[in-house]
Amino acid sequence: MKSYRRYMTSKMVWYILTFVVALFLNFLLPRLIPGNPVSTIVSKITSGMADTNSIKRVYETFEKEFGLNKPIWEQFFIYVSNLFHGDMGTSFGQYPRKVTDILASSIMWTIGLQLPAIIVSWILGNVLGVLAAYIKKGFDKVLFPVFLFISCIPSFGFAIVLVWLFAVVLKIAPASGGYAFDMIPSPTISFFLSVVQHYQLPFWSIVLVGIGGQSLGMREMSIYELNADYVKYCRLLGLEDSKIVRYVFRNAVLPQITGLALSLGTMVGGALITEIVFSYPGLGSVLFNAIAAQDFPLISGCTLLITTGVLIANFVIDIIYGLIDPRIKVAQQE
Amino acid sequence: MKFKKLVSIILVFLMVSLLIVGCGSNSNANKSSSNGTKTTTTTENTVKPGEATPRSETLYISGLQWGPPTTFNPLSPSQTSLPLSATSIARELTFETLFMYNQLDGKMYPLLGKSYAFSSDSTVCTVTLNPDAKWNDGEKVTADDVVYTFELGKKYPVSWSSNWNYFDSVTAKDDTTVEFKLKSDNKNPLMVEEALESVYILPKHVWIKIEEKDNNDFSKISSEVNANPVASGPYKVFYYDNAKVVLIRDDNYWGKAPSMWGKLPAPKYIVHNIFKDNAAGDTALRQNQVDVSQQFTPNIQTFGPNIKTYLSNPPYYMPGVIPWLVINVTKPGLDNANVRRAIAMAIDYDKIAKNAMSGYSGTMSPSLMLPLDSEQKLINQSQLAPLQWKSHDIDGANALLDSIGAKKGPDGIRVLNGQKLSFKVECPTGWSDWNAALEIVASSAKEIGINIETYFPQQSVWNNDMQTGNFDMGMYSYQGIGISSPWARAYQGMSSNGYAPIGQTAYFNYGRYKNSEVDTLLNQIPNITDETQLIDAWTKLNEIYLKEVPMIGLMYRPADFYTVNTSVWSGFPVDGDGTNIPPNICMDGYGIAALYKIHSSK
């Protein structure tokens, strides 16, 4: 157990180090884009002005307000110290909204869309993989190739196909938005139904594209396991098929859990383009708009969220892997 | 089964940990989330939460607001475009200006102000207010409010601060009379009139408290969200979130008095759904989910009989802006007026109008003026005609370049005085009609042996390049329509007041053009009252422009793409209906009169 703790500590140090470097890059990289973000914000009010001094005053006021007149290292330290207070700064593009406010209002849409979609596609994919490996027949000859084909289409491309088919041709699903165009959000049944209706296309565009990739890995692992000596031995012993499949599934699913954890970690960034296609009010749309507006604090906020998600997911895998696979725990303890 | 349990525990753990990631960093925000979404307390007869706003009482708008709504604060640089926009023709839905500008007849119509008059020497402008005008909290709109509003512009850097360039003082003579004293050394009645129709009047009793609360700290004042604005206009902010803004009619609006409109505007709600791009807005327009669209929609004539534009024939929209190809006249090669003229002659304007603008631009008639009667009558056409270039005159441009000794090098590109005529032209990425126009410019220039490369960076990069002079040629729109046009357009494009050396920031006249004769004319024009003198001055200024070509008008763009859908609402103003209501999307300047004219289609 002592060596396990040492292993955890060294892992932890690495994660913290990675986090610090990521934090620095999150801050620095957006600021390397040439151009003056203030111009995007104030251009609306200065467009009608014909007096250099007044316009200059507006620019200077907001450069000061956003701290852009300070050297970049000083901006970094202000950023970090504010971060400790849970303050990610004020958005430039959506001034005067706080970055944390914007993230809070959009993260739930993203998690609500992505988490169920990833889990459902993971479960369906793994089940399909096992069935394709064990039962073969239609699963291996028809369903599996079909989903493999779909998974080759980028999810945003597939999303556009779905919009065209279900919203434009069949007209049975709304084309965009998180809820009906004439509704005002509130905790009522009609609003909830509207959200569910608008949920379908983005949800299935992620699920259907995900199934193929998940089942591919699962099928390979299952075939490998099915040929393993213990399976043959079980068969000789006359064990039921369903029991054997259960053993096979347990062994084959291990690498799949890594895949699940990783995709959960990247889910915030992964939905970016799907969200944009459907005008879904999630984090992807926020990040996209922030990049276009050179909204440094908001870009940094989004990427920090994504980085943290990936790091935590990896860390959790490291911990639980030892727990669910005794072989790894043994290796760690050696 | 044990394994299943384990997996489910892991999944739950992962979910929770991710939720913590999401919410942990936001815990601070939730506590102080005063400027997030909000629902106003409902008054009688309004929709209940979760219900849809009744379609027949709601006017849907698109194409004004693209990002999430930010503030409803007229002092903030980032205002939500519905209902706020205080540019050269102000949006009159929630806040109101003293007068409304009508681009059709170029006249000012009374709103909060009943009348205005300049003294005989144009040094004083006296405005009389409508005594019926009230704020939506019941208080009266007084001369004090007007004075206070303009004083705010002196105190803080806001959109109307530059008016103080032309004012000496603004004083209240009595409750309903305001006197604007003009600066004697920079007397410009045009800009004073523009202030009357573009500056929102704010309630002193509200803003003085906000100032006090924020200790006169502008960064605090400008970041006030002002979610429930106290204003004088017919609509109040009802609800907003990342996806929409909903306005509700104020049934106690003062304008229903006979001295103003005599009734309330027709729509009870005005809603702007925020679409991700033009295509999404166009889809909504086709599905009758938008009534008034201010979007660039190609081939609008194919949208069916319910979709109408102001003009029933091409170019469908009223011209309102000239997007210019601004030339950096300090760059070697481009500092030669003949080279600039050759480029202007070579460009295929007809192709730009047809391909880049979907036919929404009329034939170009090179000058500083828009092809509107109000502007065209200011110039002597026959005097300018010999100087004006035609579309795609390749032979003429080649001959001109040959005559100044710009010979083609081995690569087919001309060289003038050792300088290869090879330039870069830029505009923001994603501005599809501009991008297409510049591609046409590049291919036209190639035909005369001038190499032009297109460059489409992010908007802020382009903005920065234009301001610091770090460009060869760039696309930019100076002032469009408004009471101060075309003067403000010429001033922004050619006045040496905007000049800044390369590397330093200029805020207009990005081309760095300098000409003392132009400066003199620009100083004189606002003060000329005699018509012949005015035509003389404008013709002279246009002559200089056509000879010097510091910038090239590429197309005429409408100020607003005024497209209406008559399936739910009818009676929208169109050309020739005799109402004299301009196509300003039913809300800008005198265009808001349309809201009193439209009615349900059923």
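Just so we're on the same page: letters track the sequence lines, and every chain starts at 1.
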Among residues at least two apart in sequence or on other chains, which ones pass side-chain hydrogen bond (donor to acceptor under 3.5 Å, both in side chains) with A/Glu60?
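Here no residue qualifies.
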Under the side-chain hydrogen bond (donor to acceptor under 3.5 Å, both in side chains) test, which residues partner B/Asn186, sequence neighbours left out?
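side-chain hydrogen bond (donor to acceptor under 3.5 Å, both in side chains) list for B/Asn186, sorted by chain: empty.
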Residue [X] versus chain A: region with a heavy atom under 4.5 Å:
{"X": "B/Gln289", "result": "both"}
{"X": "B/Tyr478", "result": "neither"}
{"X": "B/Gln79", "result": "both"}
{"X": "B/Lys220", "result": "neither"}
{"X": "B/Pro69", "result": "backbone"}
{"X": "B/Asn273", "result": "side chain"}

Heavy atoms only, distances under 4.5 angstrom: which of [options] has the most pairs with chain A? Name it, please.
{"options": "B/Gly67, B/Ala243, B/Pro68", "value": "B/Pro68"}
{"options": "B/Asn464, B/Thr283, B/Thr80", "value": "B/Asn464"}
{"options": "B/Gln459, B/Glu224, B/Lys244, B/Arg55", "value": "B/Lys244"}

Counting only heavy atoms closer than 4.5 Å, note whether [X] contacts chain B via side chain, backbone, both or neither.
{"X": "A/Val38", "value": "neither"}
{"X": "A/Gln94", "value": "both"}
{"X": "A/Phe288", "value": "neither"}
{"X": "A/Phe192", "value": "neither"}

If you take all heavy atoms of B/Thr70 and A/Gly93, which pair is closest and at what distance?
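Shortest heavy-atom separation between B/Thr70 and A/Gly93 comes out as CG2-O, 4.5 Å.
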Look at atom CG of A/Leu32 and say whether more than 12 heavy atoms of other residues, nucleotides or ligands are closer to it than 6.0 Å.
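Atom CG in A/Leu32 is packed in, count exceeds 12.
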Atom CH2 of A/Trp164 with >12 non-hydrogen neighbours under 6.0 angstrom
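Check fails, neighbour count at 12 or below.
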First locate atom [atom1] of [X], then atom [atom2] of [Y], and finally report the distance between them rounded to the nearest 0.5 Å.
{"X": "B/Ser161", "Y": "A/Arg57", "atom1": "OG", "atom2": "CZ", "result": "5.5 Å"}
{"X": "A/Thr61", "Y": "B/Tyr156", "atom1": "OG1", "atom2": "OH", "result": "12.0 Å"}
{"X": "B/Thr505", "Y": "A/Lys56", "atom1": "OG1", "atom2": "NZ", "result": "7.5 Å"}

Distance alone, cut at 3.5 Å: any donor-acceptor contact between the side chains of B/Ser222 and A/Tyr95?
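There is such a pair (donor and acceptor under 3.5 Å, judged by atom type) between the side chains of B/Ser222 and A/Tyr95.
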For a quick check under 3.5 Å, do B/Ser460 and A/Gln294 share a side-chain donor-acceptor pair by atom type?
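Checked: B/Ser460/A/Gln294 side chains pair up, N/O donor to acceptor below 3.5 Å.
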Within the structure provided, determine whether B/Thr71 and A/Pro96 are in side-chain contact (heavy-atom separation under 4.5 Å).
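In short, these two side chains touch, coming nearer than 4.5 Å.
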Trace of the side chain to side chain contact (heavy atoms under 4.5 Å, CB included) decision for B/Gln467 with A/Tyr59
CA-CA 12 Å; B/Gln467 291 183 341; A/Tyr59 269 84; 2.6 Å; yes
